[in-house]
Amino acid sequence: MQSAPTRPEPVKAERLLDVRGIKKHFPITKGFLKRTVGYVRAVDDVDLYINKGETLALVGESGCGKTTLGRCILQAIKPTAGEVYFTTRKNDKVNLVDLPYDRLRVVRRDMQMIFQDPYASLNPRMTTLNIIAEPLICHNLMRGNELRGYVGELMDTVGLNPYHLERYPHAFSGGQRQRIGIARALATKPRFLVCDEAVSALDVSVQAQILNLLMDLQERMELSYLFISHDLGVVSHISDRVGVMYVGHIVELADTPTLFDKPMHPYTQALLSAKPVADPRRKSRRIMLEGEVANPSKLPEGCPFHPRCRDVMPECKTVKPQWREVEPEHFVACHRAQKG
Ligand code: SF4
C-alpha cells in the first residue's frame, strides 16, 4: 500500500451527528395473510456520535448490521425506533427521524453515500455527466452550462479527466468508476458521507489511491465520514474512532489507537487477532471463534456473543451487558470489562 498523507486533526470536537437508541427490526411474515411471526433484529439499540471532520469506522462480519445502520442514519430506510440528531448548516439540531419529508429532502443534500460496488452503483446507460449531475438536477440546484462546468470541476477534484464527461461507465476502470461515485456524492457539497465498503471491491493499489483521495477531500472540504468496512487494515489507516458490531449491536467503541492496542471485548480481540502482521518473525496468536454467528431473529438470552465467547461466565447467559464507558471515550458492552 502506498504511503498515506498524515491524518488531519478533526476540525473541532463539535457534534455533527448523534444517534440514540436506533433500532431496525424487519418483520418475518408467514402465510397468505402475511402474519408477522417474528422479527430480524438487524440493528438493536445502537448509540454513537460523529464529530465534525472526523471518521468513525464500523467493522464487523458480513450481516452484522453495519450497512443497515448506515442506511437508518441517512433515513434511506426508516428505523423502527430511536433518534438521529443532525447539526444543520444553521447550527440547528434536527431529529431526522421526525423531520417532515420536505425538510428532510433539504437536509439530505448534506448527507450522501458512496457505495461498495462501482460497477453496480452506476447506471450503464447514463453518461458520466448525467450520473454526477443527477443529485443536482433532483434538488433543482443547477442546470445548463453552469451544471456542465461544475461537473467538470468535480471530475477534476476526484482525479478524472473532465474531457471524459460524455463517456459511459464501461469506458472506465474500477478505480475510475469509484471516483465517479465519489464525484456524484460530492455534487451537493455534503458535510457527511457514509462510505459503505467503498474500497472493498478494488485492487489493493487502487484502494490506497481512493483512501488517500477520501482523506484529502476530508481535509479540504471538512467532511465527516461513517466508514463501513470489514478490513481492519483499511480501518486503521483512515479512521479516528472505531466501532465494532456484532449481530446488530455495537460491542466496543474507542479511538483507533486504543481499540487496536487495548481491545477489551472478546469479539474485538478475536477480530484483531485475525489481522495479518507484516513481520514474518512474529508468530500470529489467532483466536479462533467457535460456533456460528447468532441468528438475529433468535438472539440468545443475556450477552448475544456468549455462545462463542471463550471468557463466558454464568451471568453472561442471563444478563445482557450494559453499554458502559470504561475509560474516557472507550465504550464496551461486556461484563468482564473493567473500568480503567
Ligand atoms: Fe463474553 Fe460475557 Fe463479555 Fe459477553 S459479557 S463478551 S459472554 S465475557
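Counting convention: from 1, in listed order, for ligands and their atoms alike.
The protein non-hydrogen atom at the shortest distance from atom 4 (Fe) of ligand 1 is C303 SG, 2.4 Å. Looking only at heavy atoms of the protein, atom 5 (S) of ligand 1 is closest to H335 N, 3.3 Å. Nearest protein heavy-atom neighbour of atom 3 (Fe) of ligand 1: C334 SG, 2.3 Å. Of the protein's non-hydrogen atoms, the one nearest atom 2 (Fe) of ligand 1 is C316 SG, 2.2 Å.
Under a cutoff of 6.0 Å and an axis angle of 45°, R184 and F115 do not form a cation-pi pair.
Those atoms of ligand 1 with a heavy atom of H265 less than 4.0 angstrom away are 6 (S). Listed by atom number, the atoms of ligand 1 under 4.0 Å from H306 heavy atoms are 7 (S). Per-residue contacts place P266 under 4.0 angstrom from the following atoms of ligand 1 (heavy atoms of the residue considered): 1 (Fe), 6 (S).
No more than 12 heavy-atom neighbours from other residues, nucleotides or ligands sit within 6.0 angstrom of CD on E292.
The aromatic rings of F305 and Y246 lie perpendicular to each other, with more than 60° between the two planes, well past the 30° mark.
E14 and T87 share no donor-acceptor pair across their side chains, judged by distance under 3.5 Å alone. Under 3.5 Å, the side chains of H330 and D255 contain no donor-acceptor pair of N or O atoms.
At a heavy-atom distance under 4.0 Å, only side-chain atoms of C309, from C-beta outward, approach ligand 1.
Salt bridge status for E315 with R336: absent, with no side-chain N to carboxylate O gap under 4.0 Å.
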